[in-house]
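The structure under discussion appears below in the form of structure tokens.
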Amino acid sequence: MQHLEFESVVVKLQDQIEALKGISGDKIKIQTEILRLEKKRKTLLSNLYKNLTAWQKVLVARHEQRPKTSAYIQQLVQDFFPLCGDKTFGDDMAIQAGVGRFYGTTVLVMGHEKGHDTESRLKHNFGMPHPEGYRKVLRCMDFAQKFGFPILTFVDTAGAYVGTEAEERGQAYAIAACLEKSFSLDVPIISVIIGEGGSGGAIALATANKIFMLEHSVYSVISPEGCASILWRSRDKREEAAVAQKLTAQDLRTLQIIDDIIPEPLGGAHRDPHSTIFAVGRHLNFALQETYENAKADRRTKFLEIGRQFVLKPNHYDLSDGKISENRI
């Protein structure tokens, strides 16, 4: 397993445990010591993950072994039938979409797919969609509206692809069209941010009636590195930027941007993908059981209220001491 930089103490303990398992001798004493170290490791891991900084949560959200959209679809959606292409340019593998049965209910499922190894990451463009990916989303939304299927979305992207070819094919327009379409649908939309929710590339799939976040996922208009490069002219200020952005699930729940936080297993989703996936499934199933008689109006009201709540005066940025001051109305 890939270990993160702040987990060094836990890694050392795990190495000691593995070393003890390979020692021959008094089995009772060795097993007793292993149990003691295991208990200490769990305590350290628990304390560590209860007190993660905003930047550390970004690292956890980006962990290569966090379950991806394809894993959620495989384990939660039965009889999944993929929908491909935008009928204009091609099929964008960064967006996975299709129809299937979720806890007995026929739903339309969409999500960003980052891939799990070098080959699949290249295939899925690291989860960064081109315009044809968002046009696929539009097509699928129309499909769900026509047949009255609820929509489930899994958000996990650093952002939409920013290459020249994406701009040439109308990236900004494609994302804007997804946002507009989201507010015109009569069917409910339920979104969960399973890793990294970055920029408009994320919100194109997260303009929903219910928005959930995994405990150690993040959601922001720009990456901490990008924010630091703009405000401080240095990516080295990424940790300060992460704090200022209020991008953690806990921050966003307090600010009432999201509806609920889904707990992760001890040490993050990457340590137990199976239980993470089914925890997400339970939350989505409960959300689907709610009544959505006025899904379109409720969705519009939800986002209008968010906008009204966070009307800002022109921000004043004083970067001389590395701090950002913000004046709210």
Side-chain angles (χ1 to χ4, degrees), residues 4-6 49 51-64 66 94 112 114 125-130 134 155-164 166-167 171-176 178-179 191 193-207 211 213-258 261 268 303 305-329:
L4 300 171
E5 57 189 32
F6 60 83
Y49 272 77
N51 298 287
L52 292 178
T53 66
W55 173 246
Q56 288 170 340
K57 281 186 176 285
V58 172
L59 296 177
V60 176
R62 292 174 177 172
H63 198 286
E64 294 178 358
R66 279 180 83 84
H112 303 91
K114 283 186 172 181
N125 198 37
F126 299 87
M128 296 184 292
H130 289 75
Y134 294 109
V155 177
D156 188 18
T157 182
Y161 185 61
V162 295
T164 303
E167 295 302 321
Q171 184 72 286
Y173 179 82
I175 292 173
C178 286
L179 300 179
S191 297
I193 297 158
I194 58 175
E196 190 177 12
S199 192
I203 200 172
L205 271 71
T207 311
I211 306 171
M213 288 181 70
L214 280 174
E215 182 181 0
H216 303 307
S217 60
V218 295
Y219 190 25
S220 65
V221 70
I222 191 172
S223 70
E225 297 94 329
C227 178
S229 295
I230 293 170
L231 296 182
W232 286 279
R233 304 292 188 268
S234 171
R235 291 166 64 92
D236 294 338
K237 295 288 187 178
R238 58 195 181 188
E239 295 186 31
E240 290 90 333
V243 173
Q245 286 179 271
K246 304 292 185 186
L247 46 63
T248 70
Q250 293 72 25
D251 288 330
L252 295 169
R253 181 69 183 91
T254 300
L255 296 172
Q256 300 179 353
I257 302 296
I258 64 169
I261 298 172
F303 281 84
E305 287 301 319
I306 290 173
R308 293 187 184 107
Q309 181 181 358
F310 295 100
V311 176
L312 301 179
K313 292 180 180 179
N315 288 341
H316 170 67
Y317 297 106
D318 180 5
L319 305 182
S320 59
D321 59 355
K323 296 180 180 179
I324 300 176
S325 63
E326 178 186 275
N327 295 316
R328 296 184 183 273
I329 293 177

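Values in this document were obtained by computation on a predicted structure and should not be read as measured data. In what follows, residues are counted from 1 in the order of the sequence shown.
- Shown here are the salt bridge (Lys or Arg N to Asp or Glu O under 4.0 Å) partners of E239, two or more places apart in sequence or in another chain: there are none.
- Summarising the geometry of A206 relative to Y219, their closest heavy-atom pair is CB-OH, 3.5 Å, with the distance given to 0.1 Å.
- With sequence neighbours excluded, no residue satisfies ring pair (Phe, Tyr, Trp, His ring centres under 6.0 Å) with F126.
- Looking at heavy atoms from C-beta onward, H63 lies in side-chain contact with L4 at the 4.5 angstrom threshold.
- At least one donor-acceptor pair closer than 3.5 Å links the side chain of Q245 to the backbone N or O of I222.
- No side-chain heavy atom of L231 sits under 4.5 Å from any side-chain heavy atom of K237.
- A 4.5 Å side-chain heavy-atom check between E196 and T157 finds every atom pair outside the cut-off.
- Within the 3.5 Å criterion, the main-chain N or O of W55 finds no donor-acceptor partner in the side chain of R238.
- Interatomic distance, I258 CD1 to S217 OG, rounded to the nearest 0.5 Å: 7.0 Å.
- In this structure, the side chain of H216 does not engage the main chain of L52 through any donor-acceptor pair within 3.5 Å.
- T248 places no side-chain N or O within 3.5 Å of a backbone atom of A54 that could act as its donor or acceptor partner.
- Residues Q250 and K57 have side chains in contact (heavy-atom distance under 4.5 Å, counting atoms from C-beta outward).
- With rounding to the nearest 0.5 Å, the separation of CG in L179 from OG1 in T207 is 4.5 Å.
- Looking only at distances, no side-chain donor or acceptor of S199 sits under 3.5 Å from a matching main-chain atom of A160.
- Annotation: side chain to side chain contact (heavy atoms under 4.5 Å, CB included) contacts of A204 (sequence neighbours excluded): Y134, I175, C178.
- Residues passing the salt bridge (Lys or Arg N to Asp or Glu O under 4.0 Å) test with E167, sequence neighbours excluded: none.
- Counting heavy atoms from C-beta outward, I211 and I193 have side chains that approach closer than 4.5 Å.
- The structure places CD of E240 at 9.0 Å from OG of S234, a figure rounded to the nearest 0.5 Å.
- Closest non-hydrogen pair, A61 versus V218, comes out as CB-CG2, 4.0 Å.
- A heavy-atom distance below 4.5 Å is not found between the side chains of F6 and T53.
- Between the Q171 side chain and the P129 main chain, a donor and an acceptor come within less than 3.5 Å of each other.
- Scanning for side chain to side chain donor-acceptor pair (under 3.5 Å) contacts around H130 gives an empty result, with sequence neighbours left out.
- Sequence neighbours left out, the pairs with a member in residues 213-229 that pass salt bridge (Lys or Arg N to Asp or Glu O under 4.0 Å) are R62-E225.
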**Request:** Please report the C-alpha distance between V60 and R66 in whole Å, then the side-chain angles of each, then the deciding distance to 0.1 Å, and finally whether the side chain to side chain contact (heavy atoms under 4.5 Å, CB included) criterion is met.
**Result:** CA-CA 8 Å; V60 176; R66 279 180 83 84; 3.6 Å; yes
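- Of all the heavy atoms in V155 and A202, the pair that sits closest is CG1-CB, 3.6 Å.
- Between the CG atom in D251 and the CE atom in M213 there is a gap of 9.0 Å [rounded to 0.5 Å].
- Taking NE2 of H112 as the reference point, atom CG of L205 lies at 4.5 Å (rounded to 0.5 Å).
- Atom OG of residue S220 and atom CD1 of residue I257 lie 12.5 Å apart, to the nearest 0.5 angstrom.
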